[in-house]
Amino acid sequence: MNCKRAIDLFDDYVEGTLPENIREELDYHLAACSQCRTLLNTYTLTIRLSARIEKNACVSQGMLKRLHILLCERMNNP
């Protein structure tokens, strides 16, 4: 698995909706790739902090898409 593919899976990974074999492949990649671990931690923290803004707030799909694009851009321009 490459970093681009890993980032593409972050949303489903955080939601817990990845098939087990794909999750295991991503876990293996994350164990070896500190950059993707950092990006996943940032992604997850962004979602958690956004949810705290309001009691019933959640991160919109548009916000998740913009975050995903930003992460992909950062992977291409470290």
Side-chain angles (χ1 to χ4, degrees):
M1 177 175 295
N2 63 35
C3 295
K4 170 73 169 104
R5 174 74 173 132
I7 292 169
D8 286 344
L9 297 173
F10 281 0
D11 187 44
D12 291 330
Y13 186 80
V14 171
E15 293 291 323
T17 59
L18 282 178
E20 185 175 345
N21 62 322
I22 302 296
R23 184 187 48 77
E24 288 173 356
E25 188 177 342
L26 179 55
D27 284 338
Y28 182 79
H29 176 81
L30 291 169
C33 183
S34 64
Q35 189 172 11
C36 281
R37 279 194 312 273
T38 299
L39 290 172
L40 178 60
N41 289 337
T42 302
Y43 184 83
T44 304
L45 183 60
T46 300
I47 292 169
R48 287 181 185 160
L49 291 175
S50 296
R52 288 185 183 177
I53 292 171
E54 288 185 29
K55 185 175 181 178
N56 296 320
C58 63
V59 179
S60 70
Q61 287 300 318
M63 178 64 79
L64 288 175
K65 181 69 176 169
R66 289 193 304 273
L67 179 58
H68 183 243
I69 290 168
L70 175 65
L71 293 174
C72 288
E73 288 172 355
R74 294 290 172 113
M75 289 298 297
N76 292 328
N77 299 308

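Please read these numbers as outputs of a predicted model, since none were measured by experiment.
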Under 3.5 Å, which donor-acceptor pairs do the side chains of residues 12-19 form with other protein atoms, sequence neighbours left out?
| from | atom 1 | to | atom 2 | distance (Å) |
| --- | --- | --- | --- | --- |
| D12 | OD1 | T17 | OG1 | 3.3 |
| Y13 | OH | D27 | OD1 | 2.4 |
| T17 | OG1 | D12 | O | 3.4 |

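In this structure, C3 SG and L30 CG are separated by 9.5 Å, a value rounded to the nearest 0.5 Å. The CG atom of L64 sits 10.0 Å away from the NE2 atom of H68 when rounded to the nearest 0.5 Å. Rounding to the nearest 0.5 angstrom, the gap separating the OG1 atom in T42 from the CG atom in L70 is 9.5 Å.
Within 6.0 Å of CZ on R37 lie more than 12 heavy atoms contributed by other residues, nucleotides or ligands.
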What verdict does the side chain to side chain contact (heavy atoms under 4.5 Å, CB included) test give for L71 and F10, after you've listed the backbone C-alpha separation in whole Å, the side-chain angles of each residue and the deciding distance to 0.1 Å? CA-CA 10 Å; L71 293 174; F10 281 0; 4.2 Å; yes
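Closest non-hydrogen pair, I22 versus M1, comes out as O-CE, 4.5 Å. The two atoms that bring A6 and L26 nearest to each other are CB-CD1, 3.5 Å, heavy atoms only. Between H29 and N2, the shortest heavy-atom distance links the atoms CE1-C, 3.9 Å.
Cluster membership check: L39 does not share its hydrophobic cluster with I69, using side-chain heavy-atom separations under 4.5 Å among Ile, Leu, Val, Met, Phe, Trp and Tyr. In terms of hydrophobic clustering, with Ile, Leu, Val, Met, Phe, Trp and Tyr side chains grouped at heavy-atom distances under 4.5 Å, M63 and L9 are assigned to a common cluster.
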